[in-house]
Colleague: 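Next up is a structure, given as structure tokens.
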Amino acid sequence: MQHLFLIDGSGFIFRAYHALPPLTRSDGTPTNAVSGFTSMLMKLVEDNTADHIAVIFDAGRRTFRNDLYPEYKAHRPPAPEDLIPQFPLIRQAVQALNVACVEMEGFEADDLIATYTRQAREKGMKVTIVSSDKDLMQLVTDGVELWDAMKNKAINRDGVIEKFGVPPEKVVDVQALAGDSADNVPGVPGIGIKTAAQLIEDYGDLDTLLARAGEIKQPKRRQTLLDNAEAARISRQLVTLRDDVPGVQPLETFAKALPEIDTLSAFLEEMEFRRLLVTVRGRHQAAVSEPMQATTALDAGKALTVGGSRSGQTVTATAPAATAYELVQDADSLRRWVAAAHSAGVVAIDTETTGLDPMTATLVGISLATAPGHACYIPLRHVSPQDQGDLLGGAPGAPTQIPVAEAAGLLRDLLTDRSVLKVGHNIKYDLHILAREGLTVTPLDDTMVMSYVLDGASHGHGMDELARLHFDHDTIKFEDVCGKGKTQITFDRVPLDKALAYAAEDADITLRLHHYLKARLFNERMLTVYETLDRPMVSLLFDMEEAGIRADAAALLALSEDFAARMTDLEAEIRTLAGEEFNVASPKQLGEILFDRMGLKGGKKSAKTGAWSTDAEVLETLAAEGHALPARVLDWRALQKLKSTYTDALIKQINPRTGRVHTSFAQTITTTGRLSSSDPNLQNIPIRTEEGRKIRRAFVAAPGHVLISADYSQVELRLVAHVADIAALKQAFHDGQDIHAITAAQVFGVPVDGMDPMLRRRAKAINFGIIYGISAFGLARQLGISNGEAKGFIDAYFARFPEIKAYMERTKAEARDNGYVLTPLGRKCFIPEIQGKNPAMRAFAERAAINAPIQGGAADIIKKAMAALPAALHEAGLSARMLLQVHDELVFEAPETEADATATVVKRVMEQAAILSVPLIAETGTATSWAEAH
DNA sequence: TCACTCACG
DNA sequence: GACGTACGTGAGTGAG
């Protein structure tokens, strides 16, 4: 399929101009925009896969839109003084790069882009519009996407929905309502993008909405819409792009051509762009002196530019001429692959299994890759595709396979050879699978974790997504091989040819990702974070998951039954109080009973669905007013939660083979570097209520053993004191004082001795607020006080600890400048919405930015402690096993006789994990159950 | 699949 | 001046 690139020239110019400091040629001509524009365009021309490319400019200020609405773009300030002389030079740059260049009087660049996009689509071409201008988002459709060249990010249909809340075909309707202050499109006053999207969502389109505006519930909004219907219609005309601009230069003239080296050099020389000149000459030299690098179907001829300032070097995936995937069905072939891995020193490995749960899935086959494009698949437990299938093998029609035990034997030494690095994508999963075949694997690299260290939660880290993102390659999907839904088959029933293509590709991609990500870790200075914090977690988390924690099924069952009985009683009572049958578990039905039928006041409706809110806050207010029904519902809900989420669910999660619960720790999910736990989540086991604690009591040590819980004391507040460098707070921690009492004394001006507990409680809430990026609203809600009072507390806090204000401003600026903030140990936490236009979203992002170094810093510290602990315990001759991590707490299981010694080592290692300007304190507890140890 | 609710740090 | 809020997660339920 042919591929057209349309570059929004004006957008490019302004971004280049604002991104770069003022630069001038030796004759004084300003050149910063020319320089930025030229290097962006060069990069685009070199990197992309286009066969047609053009830059589109605006021709003049007046267009047909000014006839529709004279005020259109009337408030635009003129271009900056030092940009004006650069416009003609930029057109020269386009010519020097041998790229087509189009503009037309009376039309905006956007209209030309719309016109060419339509023409290209009619010819079946794919289109990429290089711009992040929201006005162009209406053009996105199948085969048409926007490309944000600064962020290196594609904006597809989903991206448009994220921005506008509606799909591309409805964007003009939303813009018509919301208007645009930059372009002076009026829209309807008081309606922004969010409201507009909601209205269009509700009514389908603008015309229907305007026709039915009388039905809108909110009186004020109804009236403004009725009053401004005409403005909305004109606005829509203004924002709708013309895709029928007549007499445009034909698309065929955009065919991509290489730049003339002499013309380009002359231009760069004239502009005095020495760095670009060197680059261009260097490339030219390389191209004439060396034959083309042979490449594979994957990543054909495409150079991967590796980011970072250290070298700016280009990493190209080197590969043989074609992908050669081999099916390995006999021992000799496998021996050859093992030898190849030994000589390569690095091998990518992936397992195929019968399921997704690492503790129960069974190995079906293994794939290996030893060089890009050079991969194999070793089927081990495939059955014939028609077979009803068990895992015994040897059934009629089962394919030829190396016996599993023999294959394991051939691989064993390779997998533990210290001179051969084993690379996997989410290799923790494969470790579980291989462990059940008696195989251990070391040393390790994990490309999923490497990707997370580099790009955080800015995108997902699945292999399919990374292949698409970095190699522009579409992998074979699991669903393509196994189907989905009811007809899905397990991998052991997949025919070997399809299994080979799928499985070998996964290993191949993993190896290529490893090459690419390793270079990026170095160039972007993230190698230390990866090596010291995240890489050691891979095998450690594997050990923890494999260990599991013992759960007392009988105790859980007894709790379940107790909860069930009490819920039945409550249900009867609730129905009597309500005077009718209803589903207590349905917030919708409950809301209708409380507020519509019983007519209680004080209800809130949700913004999204207009349903009555019945959350704990609402019900507690009603209960405090003396209403019995909401009070009973609260009791019922508490029991329902404990039973369904915990007791019932945990019983099901006890592994029959081990009698223990094996959670799964995710290492690449959170925005701050924390871990997360699922299947089941063991990081949210109840503790705050007595009933909940009973569940924690069911987590117990094996016979003859104890559980040791060790948790950091006030770790996040200590990090606040450290990163914000708050002298008074640091002193208080050094002196080992009660930090909330000290805060109260400072903020409220009272002595610590004989302090009103209420004041300490308030100070504690303020301290939490600081960690969360405080707002008066949030603090007021937490404490049940007025916004004004809360603001007073915050001002008093800032006055007493002025450093905190500076930290907050500094951190917000850091996020705005970079799109991420750094933890004290150097982890990047990405805050993409910080540049957002919506003030609420931006405020949200700012609070997240303030919180991230604190929460993330604490996560880094406990990771350092975890990484150091196995060796420390081993050296002390102790056999304790780490079982759980709950953000600031570690849980161990140790022989009773080693309890004290283990607690001592754990405490020491945790406290020494990082040297901050405040001491770190860890507290330990020992008991036979988790509840008592904590 | 989404919204709501609620468990944890 | 409107936006709609404390930070970070995972899971169960109802409803469409």
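By convention in this document, chain letters (A, B, ...) are assigned in the order of the sequence lines, proteins followed by strands, and residues within each chain are numbered from 1.
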Colleague: Take atom CG of Leu890(A) and atom C1' of dG9(B), then tell me their distance rounded to the nearest Å.
Modeller: 13 Å

Colleague: Is there a donor in the side chain of Ser677(A) and an acceptor in the side chain of Thr663(A), or the other way round, less than 3.5 Å apart?
Modeller: yes

Colleague: Between dA6(C) atom P and Leu717(A) atom CG, what is the distance in whole Å?
Modeller: 20 Å

Colleague: Can you see if the side chain of Gln640(A) gets near the phosphate of dC6(B) - specifically, an N or O under 4.0 Å from OP1 or OP2?
Modeller: no

Colleague: Separation of Ile695(A) atom CD1 from dA11(C) atom C1', in whole Å?
Modeller: 13 Å

Colleague: Base, sugar-phosphate, or nothing for Thr195(A), non-hydrogen atoms under 4.0 angstrom?
Modeller: nothing

Colleague: For a quick test of reading the model: is some side-chain N or O of Asn583(A) closer than 4.0 Å to OP1 or OP2 of dG14(C)?
Modeller: yes

Colleague: So, OP1 or OP2 of dA7(B): does either fall under 4.0 Å of a side-chain N or O from Arg688(A)?
Modeller: no

Colleague: In whole angstrom, what separates Glu592(A)'s CD from dC4(B)'s C1'?
Modeller: 14 Å

Colleague: When the distance from NE2 of His887(A) to C1' of dG9(B) is rounded to whole Å, what number comes out?
Modeller: 5 Å

Colleague: Expressed in angstrom and rounded to an integer, what is the separation of Leu675(A) atom CG from dG8(C) atom P?
Modeller: 16 Å

Colleague: Can you identify which nucleotide, out of dC6(B), dT5(C), dG12(C), has its nearest atom closest to the Ala649(A) side chain?
Modeller: dG12(C)

Colleague: Can a side-chain donor-acceptor contact be found between Ser929(A) and Glu932(A) if the only test is distance below 3.5 angstrom?
Modeller: yes

Colleague: State whether Ser586(A) places a side-chain N or O below 4.0 Å from either non-bridging phosphate oxygen (OP1 or OP2) of dA15(C).
Modeller: yes

Colleague: Considering every strand and a 4.0 Å limit on heavy-atom distances, what is the contact class for Ile687(A): base, sugar-phosphate, or nothing?
Modeller: sugar-phosphate

Colleague: Output the single nucleotide from dG16(C), dT13(C), dT5(C) whose closest atom is nearest the side chain of Lys588(A).
Modeller: dG16(C)

Colleague: Looking for any heavy atom pair under 4.0 Å, which part of the strands does Pro686(A) touch: base, sugar-phosphate only, or nothing?
Modeller: sugar-phosphate

Colleague: Closest approach to the side chain of Pro587(A), judged atom by atom: which nucleotide of dC7(C), dA7(B), dC4(B) is it?
Modeller: dC4(B)

Colleague: Can you tell me whether the side chain of Arg781(A) and the base of dG4(C) have a donor-acceptor pair closer than 3.5 Å?
Modeller: no

Colleague: For dG8(C), does either OP1 or OP2 sit under 4.0 Å from a side-chain N or O belonging to Arg674(A)?
Modeller: no

Colleague: Please confirm whether any donor atom in the side chain of Lys194(A) sits under 3.5 Å from an acceptor in the base of dC3(C), or the reverse.
Modeller: no

Colleague: Can Lys643(A) be said to sit on top of Phe563(A)'s aromatic six-ring, NZ or CZ under 6.0 Å from centre and within 45° of the ring axis?
Modeller: no

Colleague: Could you tell me if Asn767(A) and His740(A) have a donor-acceptor pair between their side chains, going purely by distance under 3.5 Å?
Modeller: yes

Colleague: Dot-bracket for DNA chain C, 5' to 3', counting Watson-Crick or G-U wobble pairs under 3.5 Å, with [ ] for crossing pairs and | for inter-strand pairs?
Modeller: ......|||||||||.

Colleague: Can you measure Tyr772(A) atom OH to dG4(C) atom P for me and round it to whole angstrom units?
Modeller: 23 Å

Colleague: Strictly below 4.0 Å, N to O, side chains only: are Lys134(A) and Glu162(A) in salt-bridge contact?
Modeller: no

